[in-house]
Novice: 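One structure follows; several queries about it will come next.
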Amino acid sequence: MNPADLSALVLTVVQGLVSARGSAESVSIDDVPLERPRNREHGDWASNIAMKLAKPLGVAPRELAKQIADELAKLDGIAGVDVAGPGFINIRLDAAAAGALAKTIVDQGADYGRGDLYAGITMNLEFVSANPTGPLHIGAVRWAAAGDSLARIFQFEGGIVTREYYFNDHGGQIDRFARSLLASWAGEPTPDDGYAGEYIADIAARVVDAYPGELENIPTRDEVQEIFRAVGVEFMFGDIKKSLQDFGVHFDVYFHENEVHESGAVEHAIQRLRDLGAIFEADGATWFRSTSYGDDKDRVVIKSDGEYGYMSGDIAYYLNKRERGFERNLIMLGADHHGYVQRLMAMVAAFGDKPYYNLELLIGQLVNLVRDGEPLRMSKRAGTVVTLEDLVEAVGVDAGRYALVRSSADSQIDIDLDQWGRKTNDNPVFYVQYAHARTNAVARNAAASGVDRSVFDASLLTHETESSLLGILAEFPRVVRQAAELREPHRVARYAEELAGAYHRWYDNCRVTPLGEEPVTDVHRTRLWLNDATGVVLRSALGLLGVSAPERM
RNA sequence: GCGCCCGUAGCUCAGCGGAUAGAGCAAUUGACUACGGAUCAAUAGGCCGGGGGUUCAAAUCCCUCCGGGCGCACCA
């Protein structure tokens, strides 16, 4: 029996009692979530429904709880029901009902835990989106790991997901990049507003290699700079794509900002807003009246010099996504972009769409890398940029990804490179991966000792570590769904650690293979199902995080 | 000044209304002739930043103050 089944049973009982009392109070399945009590002595599952309904029904909570408990106790698969504290209903399942899950999980394999929260919904996840002026710095990388994980979680919940990267190779930032390359080539100091760092010299050298002996013969400096811009950007962007690929992050669409400009999408989008009455002219510029939709100031879309303002691109890009058919659009940004939320939501509302539904902005707080107790400081001027490569070099891809998704994006985090670089048990990712490898080792040993899955008798899973492990396995679907709803992939990581811990404790207490000359029994065979079920869920959880699940370590 | 995020064990962080607030690391002590000790067991460590409020019940929701981070362009 899984928690959903049990919830349904409790609901039936509660509805029966409510109508028997002649109350009009309506109770739905969402009102009776079951929880795992922290203290195992409180049973396998607990419900607080009696305390919630006591007031509307005008009954004492404990009395109502007792009535519900008495009805529940009569049902099959329930070993006992107690009322505790202010009115908790604590339910103990019999071993067979609880243990059946092990077989269910093995039978369903990688599909166990899959949900339908976003079944058939088209979702566009935009993240990283760094302009190609330098290697990916650590701030952009947080969402590379967390965004990709979120994409996997949405897909697990049935979503039709597109991972998208938006980039721009024109404008002020790119000009500074091109001038920096040019200066490096010419042996001049880095321009005051330029980019420093070894990569500039490296890219400049590669551009020169691509045009051997030619740059010197180009008459104007502007023309040379244009070559550095066009070719340098290409190299830089190639490097970025490669490091993302090496990090296990693959984008379905690389969307170029020029696309919205050249296609006339910007004019199209502004015209749409104009038709909707959200555009006005003032001071020689064209404005979006975003204050009518909750923004704190109006925004320029066409500057007085006739150029498009920054926001015009965002407006056109959003409309483009909608016209490409995406129902839900998520953009993941760093903490320094939180000021964009209001104006973009105003735009969504102006188009007649639903803010926070058709468009969501996820803001991730800063990440610091720490070594020897000291944060690695970034300075663009000094050219000390902490990059994705630095992270991967220090701790590897698995630990790097895991460290980035393990905490809520709402929190600033410090990643201790010394700790995460260690291949020992003070590294959480190894703790989880080792548990997975151990399930495989146990399965291999079982096969060698003649233990197979020919028999499954759930009533034999009676040890307290077995009921604890089963309880955690049962929660996987709910954890994934919650991670999806809240856009919080770190929940999956924390769950994986909890599951790994429960598995290690079970391993310590319950043997799958017989000792010495002992005969193979159905207990061993049934435990193998539980072992394999744990392996399945650990693999799924690690997969959702984009971390490998090794069979041996 | 206005806005967003954060403040929980020595450190890094979980805990989006429930029972005695958790994990990993660090500290102390145990368990290997037992499916991999990359493990497990145990001890110690907390006015959950302060103060008010809502509730049967608050680390969690609301208000306020304090502290830290990040933003508030006809720049991108």
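What you are looking at is a predicted structure, and each value in this text was computed from that prediction instead of being measured.
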Novice: Taking the inter-plane angle between the rings of A/Tyr254 and A/Phe237 on a 0 to 90° scale, is it parallel (under 30°), tilted (30 to 60°) or perpendicular (over 60°)?
Specialist: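 The rings of A/Tyr254 and A/Phe237 stand perpendicular, inter-plane angle above 60°.
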Novice: Check whether any side-chain heavy atom of A/Met236 lies under 4.5 Å from a side-chain heavy atom of A/Pro135, and answer yes or no.
Specialist: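 Yes. Closest side-chain heavy atoms under 4.5 Å.
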Novice: Taking C-beta and beyond as the side chain, do A/Pro86 and A/Arg62 meet within less than 4.5 Å on heavy atoms?
Specialist: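 SC-SC contact between A/Pro86 and A/Arg62 ruled out.
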Novice: Measuring from the side chain of A/Arg511 (C-beta onward, heavy atoms only), which nucleotide among B/A38, B/A34, B/G15 has the closest atom?
Specialist: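 It is B/A34.
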Novice: Regarding A/Gln482, tell me which of base, sugar-phosphate or nothing describes its non-hydrogen contacts under 4.0 Å with the strands shown.
Specialist: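 Base: the residue A/Gln482, judged by heavy atoms under 4.0 Å, touches a nucleobase.
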Novice: Measuring only the P atom in each nucleotide, how far is B/G46 from B/A9? A whole number of Å is fine.
Specialist: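 Nearest-Å result for B/G46 against B/A9 at atom P: 10 Å.
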Novice: Can you check the distance between B/U20 and B/C13, where both ends of the measurement are the P atom (answer in whole Å)?
Specialist: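 B/U20 and B/C13 have their P atoms separated by 29 Å.
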Novice: Report yes if the side chains of A/Arg406 and A/Leu545 come closer than 4.5 Å at any heavy-atom pair, otherwise no.
Specialist: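 No, their side chains stay 4.5 Å or more apart.
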Novice: Within this structure, what is the CG-to-P distance between A/Asp410 and B/G7, rounded to whole angstrom?
Specialist: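 A/Asp410 atom CG is separated from B/G7 atom P by 9 Å.
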Novice: Under a 3.5 Å cutoff, is there a donor and acceptor pairing between the side chains of A/Asp410 and A/Gln365?
Specialist: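 There is no such pair (donor and acceptor under 3.5 Å, judged by atom type) between the side chains of A/Asp410 and A/Gln365.
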Novice: I'd like the C1' distance from B/G24 over to B/G67, given in whole Å.
Specialist: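 So the two C1' atoms sit 27 Å from each other.
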Novice: Roughly how many Å apart are B/A26 and B/A58, using the P atom of each and rounding to a whole number?
Specialist: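 Per the computed distance, 36 Å lies between those P atoms.
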Novice: Quick check against the 3.5 Å criterion: does A/Arg229 have a side-chain atom that pairs as donor or acceptor with the backbone of A/Asp169?
Specialist: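 Checked: pair present.
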Novice: A/Glu518 has an atom CD; how far is it from atom P of B/A34, in whole Å?
Specialist: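 These atoms are roughly 14 Å apart.
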Novice: Between protein and nucleic acid, restricted to nucleotides 17-23 of chain B and to nitrogen or oxygen atoms under 3.5 Å apart, what atom pairs and distances do you find?
Specialist:
{"residue": "B/G18", "atom": "N7", "partner": "A/Asn48", "partner atom": "ND2", "Å": "2.9"}
{"residue": "B/A19", "atom": "OP2", "partner": "A/Arg38", "partner atom": "NH1", "Å": "2.7"}
{"residue": "B/A19", "atom": "N6", "partner": "A/Asn90", "partner atom": "OD1", "Å": "2.9"}
{"residue": "B/A19", "atom": "N1", "partner": "A/Asn90", "partner atom": "OD1", "Å": "3.1"}
{"residue": "B/A19", "atom": "N1", "partner": "A/Asn90", "partner atom": "ND2", "Å": "3.1"}
{"residue": "B/U20", "atom": "O4", "partner": "A/Asn39", "partner atom": "ND2", "Å": "3.2"}

Novice: With respect to the side chain of A/Asp283, which nucleotide from B/C74, B/A76, B/C70 is positioned closest?
Specialist: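 Minimum distance to the A/Asp283 side chain belongs to B/C74.
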Novice: With both distances kept under 3.5 Å, what pairs with B/G45, Watson-Crick or G-U wobble?
Specialist: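 Matched B/G45 with nothing under the 3.5 Å cut-off.
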Novice: Just checking A/Tyr431 against A/His504, ring centres under 6.0 Å apart?
Specialist: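 A/Tyr431 vs A/His504: aromatic centres under 6.0 Å.
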Novice: Look at A/Tyr495 and B/G15 and indicate whether a side-chain polar atom (N or O) is within less than 4.0 Å of OP1 or OP2.
Specialist: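 The answer is no; no side-chain N or O of A/Tyr495 sits under 4.0 Å from OP1 or OP2.
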Novice: Quick check on A/Glu464: does its CD atom have over 12 non-hydrogen neighbours (other residues, nucleotides or ligands) under 6.0 Å away?
Specialist: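 No.
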Novice: Suppose you measure atom P in B/G15 against the same atom in B/C74; what distance do you get, rounded to whole Å?
Specialist: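 B/G15 and B/C74 have their P atoms separated by 38 Å.
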Novice: Taking atom P in both B/G17 and B/C62, what distance in whole Å separates the two?
Specialist: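 One P to the other, the span is 11 Å.
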Novice: Specify the separation, in whole Å, of atom NE2 of A/His337 and atom P of B/C4.
Specialist: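 After rounding, the gap between these two atoms is 18 Å.
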Novice: With both distances under 3.5 Å as the test, what is the Watson-Crick or G-U wobble partner of B/C4?
Specialist: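 B/G69 - that is the nucleotide pairing with B/C4, both distances being under 3.5 Å.
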Novice: Is any side-chain N or O of A/Ser304 under 3.5 Å from a base N or O of B/C74, one able to act as donor and the other as acceptor?
Specialist: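 Such a pair is found, so the answer is yes.
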Novice: In whole Å, what is the span from the CH2 atom of A/Trp420 to the C1' atom of B/C11?
Specialist: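 From A/Trp420 CH2 to B/C11 C1': 14 Å.
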Novice: For B/C56 and A/Lys55 - does any side-chain N or O of the residue sit under 4.0 Å from the phosphate oxygens OP1/OP2?
Specialist: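 A/Lys55 to B/C56 OP1/OP2: side-chain N or O found under 4.0 Å.
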Novice: The side chain of A/Tyr340 is closest to which nucleotide in this list: B/G37, B/A76, B/G69?
Specialist: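 From the listed options, B/A76 comes nearest.
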Novice: How many Å lie between CG on A/Asp298 and P on B/C74, as a whole number?
Specialist: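 Checked: the CG to P distance equals 11 Å.
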Novice: Using the C1' atom on both, measure B/G51 against B/G10 and round to a whole Å.
Specialist: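 Approximately 27 Å lies between the C1' atom of B/G51 and that of B/G10.
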Novice: Searching all strands shown, indicate the nucleotide that pairs with B/C61 (Watson-Crick or G-U wobble; both distances under 3.5 Å).
Specialist: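 Partner of B/C61: B/G53.
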Novice: Looking at B/C5, I'd like to know if its phosphate oxygens (OP1 or OP2) sit under 4.0 Å from a side-chain N or O belonging to A/Ser408.
Specialist: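 No, A/Ser408 has no side-chain N/O under 4.0 Å of OP1/OP2 on B/C5.
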Novice: Would you kindly compare A/Ser407 and A/Tyr310 by the position of their nearest RNA chain B nucleotide and give the one closer to the 5′ end?
Specialist: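 Going by which nucleotide is closer to the 5' end, it is A/Ser407.
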Novice: What is the pairing partner of B/A19, taking Watson-Crick or G-U wobble pairs with both distances under 3.5 Å in any strand?
Specialist: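 Here B/A19 is not engaged in any pair, so there is no nucleotide opposite it.
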Novice: Given B/G37, is OP1 or OP2 found less than 4.0 Å from the side-chain N or O atoms of A/Tyr507?
Specialist: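 For A/Tyr507, the contact criterion (side-chain N or O under 4.0 Å from OP1 or OP2 of B/G37) is met.
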Novice: Are any of the side-chain heavy atoms of A/Arg179 and A/Asp193 separated by less than 4.5 Å?
Specialist: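 The answer is yes; the side chains approach within 4.5 Å.
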Novice: How long is the line joining OH of A/Tyr308 and P of B/A76, in whole Å?
Specialist: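 Roughly 14 Å, once rounded to whole Å.
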Novice: Would you kindly give the CG-to-P distance between A/Asp336 and B/C4, to the nearest whole Å?
Specialist: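 Checked: the CG to P distance equals 17 Å.
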Novice: Rounding to the closest angstrom, what is the interatomic distance between B/C66 and B/A27 at atom P?
Specialist: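 Pairwise P distance, B/C66 against B/A27, rounds to 39 Å.
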Novice: Are side-chain N/O atoms of A/His436 and A/Thr439 paired as donor and acceptor at under 3.5 Å?
Specialist: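 Not at all, the side chains of A/His436 and A/Thr439 share no donor-acceptor pair under 3.5 Å.
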Novice: In whole angstrom, what separates A/Leu362's CG from B/C4's P?
Specialist: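 That distance rounds to 17 Å.
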Novice: What is the pairing partner of B/C40, taking Watson-Crick or G-U wobble pairs with both distances under 3.5 Å in any strand?
Specialist: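 B/C40 is paired, partner B/G30.
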